[in-house]
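Note sheet for the following structure.
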Amino acid sequence: MSAHGHYRDLAERSLPGGALGTRLNPEGLRMTIATASGSRIIDVEGSEWIDYVCGAGALILGHQPPDVVEAVQRQAGRTLHQYGALTDVAIELADLVVAAIPGAERMVFTTTGSEATAYAMRIARAATGKPKILKFEGAFHGNHDYAGVAVSPGEPSPYPQGVPFSDGTPDAVRDTMLISPYNDLDAVADMARRHAHELAGIIVEPIQRIISPLPGFLEGLRSLCDETGLVLIFDEVVTGFRLSYGGAQEYFGVEADIASYGKIIGGGGPMGAVVGKAELVDLTHPDRQGSSGFVYASGTLHGNPLGAAAGLATLGHLADPGFYESVAEATERLAEGLRRVLADQRIPAIVETIGSIWQILHMPRSPTTYTDFLSSDRAANVALDLELMRNGINVIPGLRRFVSAAHGEDDFDSTVAALERACLVVKGDT
Ligand SMILES: Cc1ncc(COP(=O)(O)O)c(C=O)c1O
């Protein structure tokens, strides 16, 4: 039996669908990865893909940057894990992260981005004494019950209610999430004012999936929160250290009250954080236990030294002058090549880019709302992405993807050539 068949059989024996998480590609595209390097991943049979999944955005330097690997190896030789006591690397990482983020004064560790959004919402509720959070339709904030409302509905939501993405979500939790359309400031303001008596905060992905904020939208949320006393939470799990060193807050020039972080701050290792104003993050201060105004935030893997070592080594590169300009320019060069192919092949799709984030969407113009996004031909998006995968390009079909500092012109040329072949197949010309 082939190595691939062996691992498929093993995976199917123990894992639902033989899969990881919610993604199950068609047969032939269910890879078992053995190694990775730079922009490439290699499966157990030696097949190679150019990888734009990049750890769902965590790997901004690409796979296995030598000094990040070395830092993790060194840390593994010192201590793998500590609980209830900080390590030197965790303290250094916290100091770096707080210094990088505009207006931030304090941070509390988590293990994942999901945990960070859950704690951020809990802090907002505790700080205001109110039970509900306003979330945007189509926004993803992780795997927990509060985050899982109106994540990817197939049709516009029955505002302010949203539909949970998972059975097992208590109605009581669902009902604490008020759902509003993204990029519609009037709708948000109306909802926030009508529900001000029960709303604790607003959580927003500054760039919602692949949708950029309209000019004034994030600024409008800031003013609205100032006016109504709501806590403004930016979910920077993807945008943090991705759009710029100071994340979306620096990129768009709008400061949140608190922000959730994950992915890049762990350099591919387990790491997350809630970062922001001291008056809010300090609600987790251990001395507050047993009194009112205390938020519980603790976990076995919080501040994990391996994640901290990887994060520290990664952030060291991101502070290099020109780093963000360089990955954004590279992404634009890739996008230009892809756009040329789509035009030549008469495929009615656009290549949307923001910094080093990109996606091909079958629609005539950039989406500005979730309803816009729904109007794109999503089956065609997925079909083209699957064909890209069959041509050696690793993406998650239908989702945004990332360029890393390890991607180069040869990767882009191969990606453009792969798109050309993929277009011929989806058009039925081969
Ligand atoms: C915007 C956003 N928030 C939160 C999360 C959850 O992070 P994690 O998967 O580390 O729990 C993700 C994960 O992709 C995300 O994209």
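This one's a predicted model, so the numbers in the text were calculated from it and none came from an experiment. Counting starts at 1 for both ligands and their atoms, following the listed order.
The ring of F252 has its center no closer than 6.0 angstrom to the ring center of F217. Between Y52 and W358, the ring centre distance stays below 6.0 Å.
Distances shorter than 4.0 angstrom occur between a heavy atom of K263 and an atom of ligand 1. Heavy-atom separations between R209 and ligand 1 include at least one value shorter than 4.0 Å.
Of all atoms in ligand 1, listed by their number and element, those nearer than 4.0 Å to a heavy atom of E205 are 1 (C). Using a 4.0 Å cut-off to heavy atoms of S114, the atoms of ligand 1 that qualify are 6 (C), 7 (O), 8 (P), 11 (O). If you number the atoms of ligand 1 from 1 as listed, the ones under 4.0 Å from a heavy atom of G113 come out as 6 (C), 7 (O), 8 (P), 10 (O), 11 (O). Listed by number with element, the atoms of ligand 1 under 4.0 Å from a non-hydrogen atom of V238 are 16 (O).
Looking only at distances, no side-chain donor or acceptor of D184 sits under 3.5 Å from a matching main-chain atom of S180.
Contact record, H81 with N304: CD2-ND2, 4.0 Å, taken as the closest heavy-atom pair.
For D235, a nitrogen or oxygen atom sits less than 3.5 Å from a nitrogen or oxygen atom of ligand 1, counting backbone and side chain alike. On a distance-only criterion, H141 and ligand 1 share no N/O pair closer than 3.5 Å.
Contact annotation: the side chain of I42 never approaches that of S47 to less than 4.5 Å [non-hydrogen atoms, C-beta and beyond]. Under the 4.5 Å side-chain criterion, counting only non-hydrogen atoms from C-beta, D145 is not in contact with R174.
Using modelled atom types, one finds a donor on one side chain and an acceptor on the other under 3.5 Å when comparing R242 with S356.
Among all protein heavy atoms, the one lying closest to atom 15 (C) of ligand 1 is F140 CD2, 3.6 Å.
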